[in-house]
Amino acid sequence: MNVDPAEIQKFESLAQKWWDKDGEFRPLHDINDIRVRFIADRATIGGAEVLDVGCGGGILTESLASHGAVPTGIDPALGPLTVAKLHAVEMGLQHRLSYYQSTAEEYSQETKQFDIVTAMEILEHVPDFSETMRALADLTKSGGDVFLSTINRKPVAYLFAILGAEYVLNVLPRGTHEYRKFIKPSELSQAAREAGLIVRQVKGYSYNPFSRSASLVSNPNVNYLFHAQKP
Ligand code: SAH
């Protein structure tokens with residue numbers, strides 16, 4: 001199985017904090033609008049069947065449902081999924097979305113394919129991202145879109161995403177990220193092409209933990225979003 005149990009444990013132990021906008025997951029809340037906009041500017045969310053891989057507590061999944069999509073969220077961690085299900089009920093969204101405990105690889109064994117497949121901030125927690133990429137491609141309908149986000153393996157990313165975020169500013173719990181698991185845009189692009197996808201765009205985003213705002217930037221030196229399509 002292409003899952004690292006130590007990674008899952010990190011997210012299990014923090015599951016209760018998922019929807020605390022000032023808690024451990026606050027960067028995910030703060031960056032959510034720009035990633036939804038990134039998707040909305042490149043694909044039609046309204047009415048789309050979306051698979052959100054590694055959905056965690058459902059921050060992105062719920063937003064996509066609010067924008068008219070019919071999302072399915074999958075994650076190997078049960079705690080975050082339980083929180084996601086409860087939160088959807090609280091928001092009255094439970095009939096618009098479904099959550100299952102699964103990975104992209106496992107879920108791709110089903111015959112269903114999706115208009116949009118998202119996998120945000122998960123590939124740097126997966127042992128072999130190329131294997132996940134193949135599953136993401138299998139899960140996408142012909143003509144459909146794949147949206148990813150992850151962190152670049154560059155020294156400047158170590159400085160901001162690990163030293164800055166985990167040790168100086170305490171924006172993220174220590175140990176959230178490991179530098180060697182970060183992925184260069186060229187590596188992600190190659191994996192996407194090898195999985196039969198066409199790479200459309202790589203776009204950096206910057207996050208300011210003081211103003212708690214995020215914006216798209218041209219260079220993908222630290223965090224970046226990635227769009228590919230299945231021909
Ligand atoms: N995608 C969500 C959550 C990101 S946190 C968001 O951006 O809002 C990272 C998530 O990846 C966690 O929920 C964790 O359980 C999940 N994850 C870790 N390893 C995974 C794997 N091998 N396959 C799918 N998801 C995984």
Side-chain angles (χ1 to χ4, degrees), residues 7-8 10-104 107 110 112-125 132 136 139-141 144-150 171-173 176 205 207 212-216 223 225-227:
E7 290 284 3
I8 302 308
K10 287 182 204 170
F11 295 100
E12 291 284 13
S13 65
L14 291 170
Q16 308 307 325
K17 303 288 192 70
W18 214 284
W19 283 92
D20 177 355
K21 290 189 175 166
D22 299 315
E24 278 83 347
F25 293 102
R26 71 182 180 273
L28 292 181
H29 291 278
D30 294 343
I31 65 168
N32 199 45
D33 279 352
I34 59 149
R35 54 193 192 173
V36 173
R37 229 176 308 135
F38 184 80
I39 298 171
D41 287 347
R42 289 158 184 82
T44 305
I45 297 181
E49 289 192 290
V50 181
L51 181 68
D52 187 20
V53 175
C55 62
I59 297 171
L60 177 67
T61 334
E62 272 195 16
S63 293
L64 293 169
S66 307
H67 282 73
V70 185
T72 300
I74 59 170
D75 201 290
L78 202 52
L81 275 177
T82 307
V83 169
K85 284 182 196 165
L86 288 171
H87 198 267
V89 172
E90 260 174 54
M91 303 306 286
L93 287 169
Q94 71 273 25
H95 303 300
R96 290 202 62 91
L97 35 74
S98 353
Y99 288 112
Y100 303 105
Q101 186 181 23
S102 191
T103 61
Y107 210 64
E110 314 265 330
K112 192 163 169 54
Q113 288 182 316
F114 295 82
D115 301 304
I116 297 175
V117 174
T118 57
M120 302 265 182
E121 315 298 330
I122 81 146
L123 294 173
E124 69 277 17
H125 301 286
T132 304
L136 298 177
L139 286 158
T140 309
K141 285 183 194 168
D145 297 273
V146 176
F147 292 97
L148 312 173
S149 67
T150 189
V171 180
L172 285 174
T176 299
Y205 74 83
Y207 171 57
R212 299 188 58 174
S213 61
S215 52
L216 295 181
N223 296 92
L225 286 148
F226 182 96
H227 175 212

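For this chain, numbers begin at 1 and follow the sequence in order. Note that the structure is a prediction, hence the values are computed from the model and not measured. When reading the values below, keep in mind they use all heavy atoms of this one structure, side chains included, and skip hydrogens, waters and symmetry mates.
Of the possible donor and acceptor atoms, none in the side chain of Thr72 sits under 3.5 Å from a partner among the backbone N and O of Ser98. Not a single donor-acceptor pair under 3.5 Å links the side chain of Trp18 to the backbone N or O of Gly56. Judged by distance alone, with hydrogens and angles left aside, the side-chain atoms of Arg96 form no donor-acceptor pair with the main-chain N or O of Pro71 at under 3.5 Å.
Counting heavy atoms from C-beta on, the side chains of Ile39 and Val50 never come closer than 4.5 Å. Between Arg35 and Ile59, the closest side-chain pair of non-hydrogen atoms falls below 4.5 Å. Between Val36 and Leu60, some side-chain heavy-atom pair lies under the 4.5 Å cut-off. In this structure, the side chains of Met120 and Ile31 stay at 4.5 Å or more apart for every pair of heavy atoms.
Contact between Asp75 and Leu81 at its shortest, heavy atoms only, is O-CD1, 3.3 Å. Scanning both residues, Asp115 and Lys141, for their nearest heavy atoms gives OD1-NZ, 3.0 Å. Scanning both residues, Asp30 and Ala214, for their nearest heavy atoms gives O-CB, 4.1 Å. Across all non-hydrogen atoms, the minimal contact from Glu12 to Gly79 is OE1-N, 2.7 Å. The heavy-atom pair separating Ala15 from Pro80 by the smallest distance is CB-N, 3.5 Å. Of all heavy-atom pairs between Leu139 and Val117, the closest is O-CG2, 3.8 Å.
The CD atom of Glu90 lies 15.5 Å from the NZ atom of Lys85; values are rounded to the nearest 0.5 Å. Expressed to the nearest 0.5 Å, how far CD of Gln94 lies from CD of Glu62 amounts to 10.0 Å. The CZ atom of Phe25 sits 8.0 Å away from atom OG1 of Thr176, with the distance rounded to the nearest 0.5 Å. Separating the CG atom in Leu123 from the OG1 atom in Thr132 is a distance of 6.0 Å, to the nearest 0.5 Å. Atom OH of Tyr207 sits about 10.5 Å away from atom CG of Asn223, to the nearest 0.5 Å. In this structure, the separation between NZ on Lys21 and CG on Asn32 is 9.0 Å, given to the nearest 0.5 Å.
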Audit row: Ile116, Leu64, side-chain contact (heavy atoms from CB on, under 4.5 Å) steps and yes/no: CA-CA 11 Å; Ile116 297 175; Leu64 293 169; over 6 Å; no
Phe226 and Thr150: CA distance, side-chain angles, deciding distance, side-chain contact (heavy atoms from CB on, under 4.5 Å) verdict: CA-CA 8 Å; Phe226 182 96; Thr150 189; over 6 Å; no
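Under a cut-off of 6.0 angstrom, the local environment of CD in Gln16 is sparse, with at most 12 non-hydrogen atoms contributed by other residues, nucleotides or ligands. Around NZ of Lys10, the count of heavy atoms belonging to other residues, nucleotides or ligands within 6.0 Å exceeds 12. Applying the 6.0 Å contact sphere to NE2 of His29 captures more than 12 heavy atoms from other residues, nucleotides or ligands.
Ring planes of Tyr100 and Tyr107: parallel class, angle under 30° (limits at 30 and 60°). Ring-plane geometry between His227 and Phe147 is classed as parallel, the angle between the planes falling under 30 degrees on a 0 to 90 degree scale with a further cut at 60.
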